[in-house]
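So the structure is just underneath, and the comments pick up after that.
The sequence lines fix the lettering, A, B, ..., with proteins before strands; numbering per chain opens at 1. We use all heavy atoms of the structure for the numbers below, so side chains are in, but hydrogens, waters and symmetry mates are not.
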Amino acid sequence: MSVRFEVNGKSVSVDVSPRTTLADCLRHELHLTGTHVGCEHGVCGACTVIVNGDAVRSCLMLAVQANGAKVTTVEGLSPEEGLSPLQTAFKTHHALQCGFCTPGMLTTIHALLSEEPNADEDRIRDVISGNLCRCTGYITIVEAAMDARASYQQSRGDKE
Amino acid sequence: MKLPQFDYQAPASLSEAVALLMAGNGDARPLSGGQSILPIMAFRLAEPSLLVDLRNIPDLRGIEISAAGVRIGAMVRWRDILDNAQLKVVLPLLPEAIEHVAHYQVRNRGTIGGSLAHADPASEMPAVALALDAVIEVVGAKGKRDIAAGDLFTGSLSTSLSHDEIIVAVRFPAWPAARAYAFEEFARRRGDFALAGVAACYDVDAQGRAKNVRVSALSIADTPIRLKAAEAAMEGRVMDADAIKAASAAASAEVDPAGDIHASARYRKALVGTLLGRALTRAAARTAR
Ligand SMILES: Cc1cc2nc3c(=O)[nH]c(=O)nc-3n(C[C@H](O)[C@H](O)[C@H](O)COP(=O)(O)OP(=O)(O)OC[C@H]3O[C@@H](n4cnc5c(N)ncnc54)[C@H](O)[C@@H]3O)c2cc1C
Ligand code: FES
Ligand code: FES
């Protein structure tokens with residue numbers, strides 16, 4: 001089936017069978033391998049991408065369901081050069097070790113802070129409870145998210 | 001695992017969707033948020049030949065609030081329920097329970113209709129529908145019908161829906177002003193399926209006594225169940241510490257849960273009583289205010 005949607009600001013069109021998940025479509029058809037696939041049944045959160053502003057599990061969404069949608073993957077979070085403030089905060093706080101969970105953590109936290117730039121630590125912990133990390137113990141991830149809030153509060157302020 | 005092969009259609013109207021399900025003769029399944037059916041297909045617990053995506057059907061959306069109560073379209077997501085400030089006032093038990101459903105990303109896609117049709121005995125929505133006497137509006141090849149929540153759930157992951165029937169909306173009767181309520185569950189990690197949970201509500205009469213008591217439990221049997229002995233222990237009583245203790249003992253005594261790798265039967269039995277005790281304590285504190 002032919003599917004057309006926007007990924008990281010670029011319009012794409014792919015031909016996929018209905019069984020292709022959005023995750024596999026991004027990785028195999030569009031070669032955006034930043035999106036990781038861990039469990040393929042919705043429990044680990046590694047595959048999280050942003051669809052029309054909402055963080056969703058791309059292993060639990062069919063590529064054909066993305067027809068007409070605006071998708072942002074981890075690749076779309078960075079500016080042309082260097083890292084986004086959230087990515088920089090991850091680096092500063094050592095919020096990753098092996099990096100497998102990182103794309104899902106970044107997309108989830110980006111979606112959260114874009115909508116709720118004042119999210120407190122409890123809210124951040126609650127939101128990333130759907131993302132498993134086997135390395136960091138989460139504390140550094142929460143610290144990075146807390147630290148990155150300032151840049152989201154600022155960009156909100158700029159728009160207003 | 002990767003998903004098995006299937007065909008996909010996204011019709012623009014309910015009648016087309018019903019026709020596709022009818023033609024599928026039990027091999028076609030509706031697709032809402034996909035947060036339950038896709039994992040089940042990945043596990044090969046279901047291998048439908050056709051998924052009928054309901055996402056383009058406008059009649060399944062929207063939350064309508066009126067004097068008669070609340071009507072929520074089947075495709076309304078957990079996230080929409082939690083974002084709706086009015087529901088916290090006109091149907092507060094619902095958002096309180098839905099906060100326990102799954103994780104952030106799953107709540108962005110999972111729907112109320114999908115959850116009711118999926119009928120997982122560990123899920124929150126079926127137990128809430130039961131406690132609130134919700135009515136499920138469905139449409140199928142034979143037309144429309146209303147199903148009382150108590151008649152929908154027939155077993156674990158099974159309902160009285162026929163294969164061509166689609167849930168259109170869920171109706172909740174109006175919420176009386178003097179109603180006490182609380183939802184409690186216990187899960188090892190927030191957002192995971194609960195080891196047990198209870199939804200409780202009752203109206204408070206002029207003498208401060210509990211009337212129209214409803215208590216339901218999840219993750220305790222094959223379907224959500226009403227805890228009738230606990231309800232009887234509460235009906236007509238002022239919900240003081242003694243009454244709460246009696247209700248919680250009645251709840252533990254009346255249930256006969258199965259044990260599994262997550263919790264033994266004895267533990268679940270004790271847990272139901274503890275959770276009801278906590279729920280009723282919070283409910284009573286709410287009316288005292
Ligand atoms: C990691 C994880 C954790 C979860 N934790 C919880 C939890 O704690 N509590 C909880 O309640 N749920 C939990 N869920 C399930 C989630 O809430 C689902 O969203 C919900 O159970 C089903 O809704 P859906 O819209 O995704 O349905 P789908 O997956 O699209 O469909 C589910 C079933 O219902 C049928 N169906 C769908 N819509 C209709 C309709 N309108 N009419 C008739 N049949 C229909 C489908 O054919 C299918 O059989 C979890 C899921 C995941 C992946
Ligand atoms: S790969 Fe999607 S949640 Fe694990
Ligand atoms: S950094 Fe290794 S899983 Fe999170």
Proximity breakdown for B:Ala42 and chain A, heavy-atom pairs closer than 4.5 Å: side chain
Side chains of A:Gln65 and B:Asp53, heavy atoms from C-beta outward: is any pair under 4.5 Å? yes
Side-chain contact test, heavy atoms from C-beta onward, threshold under 4.5 Å: evaluate it for B:Arg55 versus A:Asn67 and give yes or no. yes
So do B:Asn108 and A:Val51 actually touch side chain to side chain, heavy atoms under 4.5 Å? no
Please say whether more than 12 non-hydrogen atoms of neighbouring residues, nucleotides or ligands are located less than 6.0 Å from CZ in A:Arg4. no
Find out whether B:Leu3 and A:Leu62 are in side-chain contact, i.e. whether some heavy atom of one side chain is under 4.5 Å from a heavy atom of the other. yes
Region of A:Thr21 in contact with chain B, defined by heavy-atom distances below 4.5 Å: side chain
Heavy-atom closest contact (A:Pro18 atom, B:Tyr8 atom, distance): CB-CB, 3.6 Å
Measuring only between side-chain heavy atoms, which start at C-beta, is B:His103 closer than 4.5 Å to A:Arg57? yes
Say you draw a straight line from CD of B:Gln35 to CE of A:Met61; how long is it, rounded to the nearest 0.5 Å? 9.5 Å
To the nearest 0.5 Å, what is the distance between OG (A:Ser129) and CG (B:Asp192)? 8.0 Å
Atom CE of B:Met22 with >12 non-hydrogen neighbours under 6.0 angstrom: no
Let me know if B:Arg109 has heavy atoms under 4.5 Å from chain A in its side chain, its backbone, both or neither. side chain
Verify the neighbour count for atom CG of A:Leu83: are there more than 12 heavy atoms of other residues, nucleotides or ligands below 6.0 Å? yes
With a 6.0 Å cut-off (strictly less than), is the heavy-atom count around CZ of B:Arg44, excluding the residue itself, greater than 12? yes
Non-hydrogen atoms of chain B under 4.5 Å away: do they reach the side chain of A:Met1, the backbone, both or neither? side chain
Atom NZ of residue position B:Lys88 - does it have more than 12 heavy atoms of other residues, nucleotides or ligands inside 6.0 Å? yes
Distance (rounded to the nearest 0.5 Å) between A:Asp126 CG and B:Glu99 CD: 8.0 Å
Using distance alone, with no hydrogens and no angle criterion, decide if A:Ser17 and B:Gln5 have a side-chain donor and acceptor under 3.5 Å apart. no
Test B:Tyr104 against every option in A:Thr48, A:Asp54, A:Ile128, A:Leu112 by the side-chain contact (heavy atoms from CB on, under 4.5 Å) rule and name the one that passes. A:Leu112
About how many Å separate NZ of B:Lys2 and CG of A:Asp24, when rounded to the nearest 0.5 Å? 3.5 Å
Region of B:Leu31 in contact with chain A, defined by heavy-atom distances below 4.5 Å: side chain
